[in-house]
Colleague: 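Below is a structure I'd like to ask you about.
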Amino acid sequence: MKLLKILFVVGLLVLALAAGLIAFMPAKFAVDVLGARLGALKLDDVSGTIWRGRAGAATVNGWALGALDWNIHPMAILSGRVDTDLGLQGTEFQGNTFASITAGTVRLRDTDFSMDAQRLQPAIDIPSLQLRGRIHVSLAEAELVAGFPRKLKGEAIWRDAAVSGEAEALLGTLSAQFQSADDGAIIGTLQDAGGPLALEGQFRAAFTGYEADAVLSARDGNPQVIRALSYVGEVQPDGSSLLQIRGRLLPLP
C-alpha cells in the first residue's frame with residue numbers, strides 16, 4: 001500500500017510538472033515545432049506562451065497582416081477542440097474574432113475587422129483610380145473547411161468611400177451583404193446609402209474564381225463622380241457605367 005501511495009504521489013507530481021511546462025511553454029518553441037503545419041500562415045517575432053502569445057508579424061502567402069495576439073481557452077482542449085480569442089493589429093488590417101478549431105474546421109463568431117480599401121485594388125483592377133478609406137466587415141456566421149468558407153453570412157461597409165488619381169471624388173457609403181449559397185459559393189449584393197455614387201450590383205465567389213457585375217452612376221449629376229466614372233467599366237447610353245469583374249481567388253495577392 002505504501003508503494004502505491006508513493007507511486008500515486010509521484011504520478012501527481014509528474015502531471016503537475018507536465019502541466020506547468022505546457023502552461024509556460026514559450027510560444028516561439030510551439031510555433032517552431034508546428035512548422036509546416038501552419039500552412040500558408042507564417043508567424044515571426046513570436047513572444048509570450050503557447051496559451052497567451054503574440055506574433056509581431058503575421059503573413060499569409062507573403063501577404064502582411066500585422067501583429068496577431070491569441071488567448072487560448074485550455075478547458076476546450078478536453079473536448080477535442082481549440083478555442084481562442086484572436087486580435088489583429090496592422091496598418092492595413094485590424095480586427096477581433098473568437099475561433100473554435102477542430103480537425104480541418106474553423107468556426108468563427110463575434111468577428112469584426114477592417115481593412116484598407118486599397119486591398120481591393122488588384123481585384124477591381126481600375127489602374128487610373130486608387131481606392132481610399134477603410135472597409136469594415138462583420139460576420140454573423142462563418143465556418144471554414146480546409147481554409148475555404150463553407151458557411152458564411154455577413155456585411156461589408158465602406159464608409160466615406162473615395163477615389164483619387166486621374167480623378168478625385170467622394171462616393172459616400174457603399175455596402176455589400178453576402179452569404180453562402182447551396183452550391184458552396186459566396187453570393188452577395190452591392191448597394192449605396194444614398195450618397196454621391198449610385199450603386200447596384202451582385203457578385204459571386206467560388207473556389208475557382210469570382211465575378212461581379214455592377215451599375216454605377218452619379219447621383220444628382222455630381223461632376224466629380226461623373227469624371228471618376230469615365231475611368232470605370234463601360235459607359236452606357238444612359239450615362240451610367242457597367243463594371244464587370246472576373247478573376248481568381250487563389251493564389252492570394
Side-chain angles (χ1 to χ4, degrees), residues 60 65 86 88 92-100 105-126 129 131-145 147-163 169-220 222 225 228-229 232-233 236 240-250 252-253:
V60 175
L65 301 178
L86 298 172
L88 186 64
E92 297 182 343
F93 297 95
Q94 298 175 7
N96 298 278
T97 189
F98 172 85
S100 184
T105 302
V106 178
R107 294 179 176 86
L108 305 178
R109 73 167 189 255
D110 302 327
T111 303
D112 291 284
F113 70 93
S114 67
M115 65 179 181
D116 193 306
Q118 276 205 304
R119 276 299 182 179
L120 294 181
Q121 198 85 36
I124 295 179
D125 191 24
I126 305 175
L129 302 177
L131 310 183
R132 302 302 184 202
R134 293 191 69 81
I135 298 173
H136 298 262
V137 180
S138 59
L139 301 179
E141 180 182 22
E143 180 177 312
L144 311 178
V145 177
F148 196 81
R150 183 169 67 182
K151 294 181 181 179
L152 193 66
K153 184 177 182 180
E155 180 182 45
I157 300 177
W158 185 9
R159 294 186 177 89
D160 300 321
V163 293
L170 301 178
L171 309 178
T173 297
L174 310 176
S175 63
Q177 282 75 41
F178 52 87
Q179 63 183 16
S180 298
D182 292 338
D183 62 358
I186 301 168
I187 58 175
T189 57
L190 305 166
Q191 57 274 317
D192 66 274
L197 175 69
L199 169 66
E200 183 177 355
Q202 55 280 320
F203 62 91
R204 175 186 175 87
F207 190 78
T208 53
Y210 59 86
E211 57 185 40
D213 297 277
V215 176
L216 307 90
S217 60
R219 182 170 280 113
D220 300 324
N222 185 291
V225 175
L229 290 182
V232 178
Q236 304 299 294
S240 64
S241 291
L242 174 62
L243 178 63
Q244 296 181 308
I245 300 171
R246 305 290 186 269
R248 297 179 61 85
L249 287 176
L250 298 176
L252 289 170

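Note that the numbering runs from 1 along the sequence shown for the chain.
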Colleague: Among all residues two or more places apart in sequence or in another chain, which pass the side chain to side chain contact (heavy atoms under 4.5 Å, CB included) test with Asp116?
Modeller: Glu92, Gln118, Arg134
Colleague: With sequence neighbours excluded, tell me which residues meet ring pair (Phe, Tyr, Trp, His ring centres under 6.0 Å) with Phe93.
Modeller: Trp63
Colleague: As a test of understanding, state which of Leu216, Asp213, Leu229 forms a side-chain contact (heavy atoms from CB on, under 4.5 Å) with Leu243.
Modeller: Leu216
Colleague: Would you say Leu120 and Trp158 make side-chain contact, with heavy atoms under 4.5 Å?
Modeller: no
Colleague: If you define the side chain from C-beta out and look only at heavy atoms, does anything of Ile157 sit under 4.5 Å from Thr173?
Modeller: yes
Colleague: Within a 6.0 Å radius of atom CG on Asp160, are there more than 12 heavy atoms belonging to other residues, nucleotides or ligands?
Modeller: no
Colleague: Once salt bridge (Lys or Arg N to Asp or Glu O under 4.0 Å) is applied, do any residues pair with Arg204, and if so which ones, sequence neighbours excluded?
Modeller: Asp183
Colleague: Is there a side-chain hydrogen bond (donor to acceptor under 3.5 Å, both in side chains) between Thr111 and Thr97 once you walk through the steps?
Modeller: CA-CA 4 Å; Thr111 303; Thr97 189; 2.5 Å; yes
Colleague: Given side chain to side chain contact (heavy atoms under 4.5 Å, CB included), test Gln236 with Val215 step by step and report yes or no.
Modeller: CA-CA 9 Å; Gln236 304 299 294; Val215 176; 5.9 Å; no
Colleague: Could you tell me which residues satisfy side chain to side chain contact (heavy atoms under 4.5 Å, CB included) with Ser180, sequence neighbours excluded, listed by chain and number?
Modeller: Leu152
Colleague: Would you list the atom pairs, donor with acceptor, under 3.5 Å between side chains in residues 135-142 and any protein atom, with sequence neighbours excluded?
Modeller:
none

Colleague: With sequence neighbours excluded, tell me which residues meet salt bridge (Lys or Arg N to Asp or Glu O under 4.0 Å) with Glu155.
Modeller: none
Colleague: What distance separates Arg109 CZ from Glu143 CD, expressed to the nearest 0.5 Å?
Modeller: 14.0 Å
Colleague: Could you give the distance from CZ (Arg246) to OH (Tyr210), rounded to the nearest 0.5 Å?
Modeller: 10.5 Å
Colleague: Could you grab the distance from atom OG of Ser241 to atom CG of Leu199, nearest 0.5 Å is fine?
Modeller: 11.5 Å
